[in-house]
2 protein chains.
Amino acid sequence: MNRPYSNALKCLQDVSLRPTRQRLAIAKLLFDEEDRHVTAETLHQEVNELGAKVSLATIYNTLNQFTEAGLLKEVIVDSNRTYFDTNIGDHHHIYFKEEEALKDISSEELVISALPEVPEGKKISGVSVVVHMEDD
Amino acid sequence: MNRPYSNALKCLQDVSLRPTRQRLAIAKLLFDEEDRHVTAETLHQEVNELGAKVSLATIYNTLNQFTEAGLLKEVIVDSNRTYFDTNIGDHHHIYFKEEEALKDISSEELVISALPEVPEGKKISGVSVVVHMEDD
DNA sequence: ATAGCTGCAAATGCTTTGCAAGGCC
DNA sequence: GGCCTTGCAAAGCATTTGCAGCTAT
């Protein structure tokens with residue numbers, strides 16, 4: 001999912017979130033570039049390095065609001081922290097253990113050719129594939 | 001990975017962990033049946049329902065020791081809790097959101113037909129696939 | 001004006017740890 | 001006996017929440 005001409009303000013308006021100073025700073029960092037993977041902590045650091053002064057609680061709240069609004073996707077790769085991905089399209093991930101870093105895998109690079117049967121009354125809400133890489 | 005004739009005592013001896021009352025109770029619950037998925041909490045409840053009285057701290061420590069010893073595998077499906085799987089072979093999972101339950105998918109039911117390139121100096125330490133199911 | 005946001009500090013929930021007492025070889 | 005284990009309570013982390021004050025519309 002690309003948002004090549006999007007800007008922070010438009011993102012917020014699209015999902016009816018007030019464009020506050022804090023949310024604008026966060027949205028700018030997240031959506032001006034593509035395929036970003038952040039945790040609350042890494043984003044907090046980035047924001048504050050720009051001098052934007054946003055509290056960690058607000059970072060958490062904003063990441064959750066953005067996720068609920070469909071601007072972000074949560075990625076579960078590590079039980080100790082929550083990653084968020086600005087790429088909300090269908091794709092998978094490589095997780096680099098030592099670097100604690102995530103990288104996207106396009107749907108062409110990794111293909112799932114069969115899925116299990118879906119039980120009555122259920123539906124598949126997502127398929128998460130994580131290739132774990134570590135130093136050789 | 002099947003351990004059809006295994007018993008709790010043998011498991012512990014195999015990995016050189018002293019067969020204490022607590023570890024035996026836990027191993028019995030985990031390895032007498034196949035393909036069990038537990039969290040520290042669910043296991044704690046089960047153990048205590050049998051009247052075995054094992055502290056939660058010991059459950060945590062034991063699960064970690066078993067995992068380190070290769071008797072269990074950690075499954076990352078939910079950022080709020082850690083699941084452990086007695087099936088240590090290559091396979092994948094279905095996670096049922098409402099039930100907070102895990103189910104194995106055999107390698108035949110879900111096939112990955114292409115993997116991304118492995119960078120220099122790295123290796124794939126595991127591929128985790130979780131199909132998330134929820135009520136329709 | 002007022003509903004919505006933010007920040008702080010406190011609370012939460014899962015997991016780990018320090019240490020004294022007890023158990024296994 | 002001596003080392004390993006256990007249990008408790010306390011500590012640790014990541015994350016959430018209550019609430020008083022501030023802000024966007």
Side-chain angles (χ1 to χ4, degrees), chain A residues 8-29 37-48 50-69 71-72 74-84 95 100 102, chain B residues 8-29 37-48 50-69 71-72 74-84 95 100 102:
Chain A
L9 181 59
K10 183 150 192 329
C11 282
L12 294 176
Q13 290 173 337
D14 281 353
V15 299
S16 311
L17 286 171
R18 283 190 186 173
T20 63
R21 176 180 64 78
Q22 292 85 336
R23 293 212 268 238
L24 281 168
I26 294 173
K28 209 163 169 25
L29 275 171
H37 303 98
V38 301
T39 65
E41 280 296 350
T42 63
L43 185 57
H44 187 222
Q45 227 176 297
E46 276 190 69
V47 167
N48 288 345
L50 293 181
K53 293 266 195 320
V54 181
S55 79
L56 189 52
T58 297
I59 300 274
Y60 274 106
N61 291 331
T62 305
L63 284 172
N64 288 333
Q65 287 159 176
F66 283 10
T67 303
E68 233 169 293
L71 295 175
L72 293 176
E74 196 182 328
V75 187
I76 300 171
V77 279
D78 175 335
S79 33
N80 301 310
R81 81 196 101 255
T82 305
Y83 282 84
F84 295 89
Y95 182 65
E100 295 186 346
L102 270 179
Chain B
L9 181 59
K10 183 151 191 327
C11 281
L12 294 177
Q13 291 173 336
D14 282 354
V15 299
S16 311
L17 286 172
R18 283 191 188 173
T20 63
R21 175 180 64 75
Q22 292 85 337
R23 292 211 270 239
L24 280 167
I26 293 173
K28 209 162 169 25
L29 275 171
H37 302 100
V38 301
T39 65
E41 281 295 351
T42 64
L43 185 57
H44 187 223
Q45 228 176 297
E46 276 190 67
V47 166
N48 288 346
L50 293 181
K53 294 262 193 323
V54 180
S55 79
L56 189 54
T58 297
I59 301 275
Y60 274 106
N61 291 332
T62 305
L63 283 172
N64 288 333
Q65 286 159 178
F66 284 10
T67 303
E68 232 168 296
L71 296 174
L72 293 175
E74 196 183 329
V75 187
I76 299 169
V77 279
D78 174 335
S79 32
N80 301 311
R81 78 198 102 254
T82 306
Y83 283 84
F84 295 89
Y95 183 65
E100 294 186 347
L102 270 180

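Naming convention: chains lettered A, B, ... in sequence-line order (proteins, then strands); numbering from 1 in each chain.
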Within the pair [X] and [N], is there a side-chain N or O less than 4.0 Å away from OP1 or OP2?
X       : N      : answer
A/Thr58 : C/dT6  : no
B/Thr20 : C/dG23 : no
B/Tyr60 : C/dT15 : yes
A/Gln22 : C/dG7  : yes
B/Arg23 : D/dT5  : yes

Within the structure shown, what part of the strands sits under 4.0 Å from [X] by heavy-atom distance: base, sugar-phosphate, or nothing?
X       : answer
B/Thr82 : sugar-phosphate
A/Asn64 : sugar-phosphate
B/Ser79 : nothing
B/Arg18 : base

If every non-hydrogen atom of [X] is compared with every non-hydrogen atom of [Y], which pair is closest and at what distance?
X       : Y       : result
A/Thr67 : A/Glu74 : CG2-N, 4.3 Å
B/Thr58 : B/Gln22 : CG2-CB, 4.2 Å
A/Leu9  : A/Pro19 : CD1-CB, 3.6 Å

* Asked: Is there a donor-acceptor pair under 3.5 Å between the side chain of B/His44 and the backbone N or O of B/Val54?
  -> yes
* To do: Please answer whether the main-chain N or O of A/Val38 pairs with a side-chain N or O of A/Thr42 as donor and acceptor at a distance below 3.5 Å.
  => no
Starting at atom [atom1] of [X], determine the distance to atom [atom2] of [N], rounded to an integer number of angstrom.
X       : N      : atom1 : atom2 : value
B/Leu56 : C/dC14 : CG    : P     : 10 Å
B/Arg21 : C/dC24 : CZ    : C1'   : 13 Å
A/Glu68 : D/dT16 : CD    : C1'   : 13 Å
A/Tyr83 : D/dT15 : OH    : P     : 10 Å
B/Asp78 : C/dG13 : CG    : P     : 14 Å
A/Gln65 : C/dT6  : CD    : C1'   : 11 Å
B/Arg81 : C/dT12 : CZ    : C1'   : 14 Å
B/Ile26 : D/dG7  : CD1   : P     : 9 Å

Among the nucleotides [options], which one has an atom lying closest to any side-chain atom of [X]?
X       : options                : result
B/Leu17 : D/dT5, C/dC8, D/dT25   : D/dT5
A/Asn61 : D/dT15, D/dT17, D/dA24 : D/dT17
A/Pro19 : D/dT25, C/dT15, D/dG7  : D/dT25

